[in-house]
Amino acid sequence: MRLSRFFLPTLKEDPKEAQIVSHRLMLRAGMIQQSSAGIYSWLPLGHRVLKNIEQIVREEQNRAGALEILMPTIQPADLWRKSGRYDDYGKEMLRITDRHERDMLYGPTNEEQVTDIFRSHVKSYKNLPLNLYHIQWKFRDEVRPRFGIMRGREFLMKDAYSFDLDYEGARTAYNNMFVAYLKTFARLGLQAIPLRADTGPIGGDLSHEFIVLADTGESEVFYHKDLLGLKTPEKDSYTAEELQAVVDEWTSFYAAADDMHDPAKCDVPEGDLVSRRGIEVGHIFHFGDKYSQPFDAVVTGPDGKDVTVSMGSYGIGVSRLVGGIIEASHDENGIVWPENVAPFKVGLINLKSGDGPCDAACDDFYGKLSAAGIEVLYDDTAGRGGEKFAKMDLIGLPWQAVIGPRGVASGMVEVKNRATGDKQELSVDAALNLLTGKA
RNA sequence: CGGGGCGUAGCACAGCCUGGUAGUGCGCUCGCUUUGGGAGCGAGAGGUCGCAAGUUCGAAUCUUGCCGCCCCGACCA
């Protein structure tokens, strides 16, 4: 992509409404534009990142055996009356009336909808276990939206729903998602730790929040230092026993958010207890028959008797992750994207656009990288070096390739690693090999 | 939902107290000089001063009402 043909409205100065770093950087890097409180448009750069994250989440859900569907954003109120949540949800639910005076709502989540789908079609235990997920926009009319995309009212969430014959099956489904989440966050370049979460009125011990560590996080977390040394599971599939073993390992260390942390009850030696800040990016829980019971989601069991299915739900805040990753990965010059989510892999800077030899060298380099399947943002604009460097640092592409009159004369390209700041002078071929991963 | 703050050009802000033809920097357009870490000079474009009512000869400025946005706290992917 040539920058001269791209839409990248960057800002030199900090917009005053943005207080936290991810919000500031997203606005300055031209990723998003606010529409109203907690509601944003995604501009090309931000949209690319959002889609990259979404795709990784999708791949890991698929790998875990969940099936992708797409449920509507607008739901009929009657579904929610059935579960009793139409009255319970309160003002956070955006209620709409259609032209026929029917009560509708913009979905804040989809338990009712998915249970209705299940109930309509699944009648036998032979079709279990089942896990259906979608990645869809949600709306929660938060009292106080803030931090840009991190707590918007409209947000993109992956939500999966599992259906099992009994508690044992449901626990395996839960463990399966637990492990999928560990893989997902690792692929996103994040250190995420699972915390035992408050299960609220539902009770039970199966609920975990996944927290991304970032100094600017909104809640304080306490955990045993060895938790971060654990190896992320990598296999494609696991047996129920293996899943349980992974979950047991990850939950064997102390980890709690400030609301669950009780220093009196925490038995971790002081030297081993770490306290940092974190951002919640995922939440999984088992809730049994809370929805299957009122919706009559029943299958016939092996013995011919009806069984109300046992359910769980599993959320990942996809749009929040964009902010979360920036919070966890930035420096004083801007964003530092992990390679897997970066909007482009390489930023190519032409230091003297309009100069024949320089343009030719850049065009050639750009053509070769593109032909190798590398996504490149090529700054072919007439600007000066300084502003081009600053802009590339701001938008945080993992690699920068710099070609100017000096390099053209000597046949060299300067390649900079955004994360480490390391710069090296390489021949064109060596630079191509490095950037295409053939080095 | 309690508390606080702010709305003036695309962005950041001054002007308001003490009413009198709307300003600065950045950005944008054109020209020239520049070009390896956000250049210099010159010439331009761009504003119903959030909205409405009121006071006044005259309102960005004073009064009242409304709207929007942000921050702190209690709650949430």
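Throughout, a chain's letter reflects where its sequence line sits, starting with A, and its residues are numbered from 1.
- With centroids closer than 5.5 Å and planes inclined by less than 30 degrees as the test, Phe389(A) and the base of G38(B) fail to qualify as a stacked pair.
- Proximity note for Arg140(A) (side chain, C-beta onward) versus C76(B), G38(B), C26(B): the nearest is C76(B).
- Base pairing of A39(B): its partner is U33(B), meeting the Watson-Crick or G-U wobble criterion (both donor-acceptor distances under 3.5 Å).
- U56(B) is unpaired under the criterion used here, namely a Watson-Crick or G-U wobble arrangement in which both key atom distances are under 3.5 Å.
- In summary, the side chains of Gln400(A) and Asp393(A) do present a donor paired with an acceptor at a separation below 3.5 Å, with no hydrogens or angles considered.
- Pairing partner, A74(B): none, since no Watson-Crick or wobble contact has both distances short of 3.5 Å.
- In this structure, C26(B) and G10(B) make a Watson-Crick or G-U wobble pair, each of the two defining distances being under 3.5 angstrom.
- U48(B): no Watson-Crick or G-U partner with both key distances under 3.5 Å is found in any strand.
- In this structure, Arg48(A) forms a cation-pi arrangement with Phe344(A), its terminal cationic atom sitting closer than 6.0 Å to the ring centre and no more than 45° off the ring axis.
- Across every strand in view, G19(B) sits unpaired, with no contact that passes the Watson-Crick or G-U test at under 3.5 angstrom.
- Scanning atom types as modelled, no donor and acceptor separated by under 3.5 angstrom connect the side chain of Lys391(A) and the base of G27(B).
- Of all nucleotides listed (C71(B), C76(B), G36(B)), C71(B) comes nearest to the side chain of Gln19(A).
- Checking C71(B), G36(B), C76(B) against the side-chain heavy atoms of Arg144(A) singles out C71(B) as nearest.
- Interface remark: the Glu13(A) side chain does not form any donor-acceptor pair with the G27(B) base, using a distance-only criterion of under 3.5 Å.
- You'll find that the side chain of Val143(A) is closest to C1(B), out of C11(B), C1(B), G37(B).
- Among G38(B), G36(B), C76(B), the nucleotide with an atom closest to any side-chain atom of Val402(A) is G36(B).
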* **Test log, rule ring-ring contact (aromatic ring centres under 6.0 Å, His included), inputs His283(A) and Tyr314(A)** => CA-CA 6 Å; His283(A) 199 154; Tyr314(A) 316 91; over 10 Å; no

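- For the pair Leu50(A)/Ser319(A), a side-chain contact is recorded, criterion being any heavy-atom separation below 4.5 Å from C-beta on.
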